[in-house]
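Inspection log for the structure reproduced underneath, given as structure tokens.
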Amino acid sequence: MIDKKFLTADFRELPYWWDKAPLTPECVNELPAIADVAVVGSGFSGLMAALTLARAGKSVVVIDSENCGYGASRRNA
């Protein structure tokens, strides 16, 4: 348990980027039938790999057991 006296008044447990790009039920539950590449893990490395591949014209799906950015990358940043 985190002692609240060590946190700033505006501390939030959710990542700030979810404010600008909230998850929708479609992106959570709908997987394409086919993709060029499947990236497992949505930390910094997985999302950067997916972005690079998408910019190169590949069809990419990112799969994670949690919401994007939930894991170690978000906590280590």
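Side chains included, hydrogens not; waters and symmetry mates left out as well; all remaining heavy atoms used. In this chain, numbering begins with 1 at the start of the sequence shown.
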Do you know which two heavy atoms are closest between [X] and [Y], and how far apart they sit?
{"X": "Pro32", "Y": "Val61", "value": "CD-CG2, 3.8 Å"}
{"X": "Ala50", "Y": "Val62", "value": "CB-CG2, 3.5 Å"}
{"X": "Ala38", "Y": "Ile63", "value": "CB-CD1, 4.3 Å"}
{"X": "Asp36", "Y": "Gly57", "value": "OD2-O, 4.4 Å"}

Check your understanding: Side-chain heavy atoms under 4.5 angstrom apart, residues restricted to Ile, Leu, Val, Met, Phe, Trp, Tyr: same cluster for Val37 and Leu51?
Key -> no

Between the CG atom in Leu53 and the NZ atom in Lys58, the distance rounded to the nearest 0.5 Å is 8.0 Å

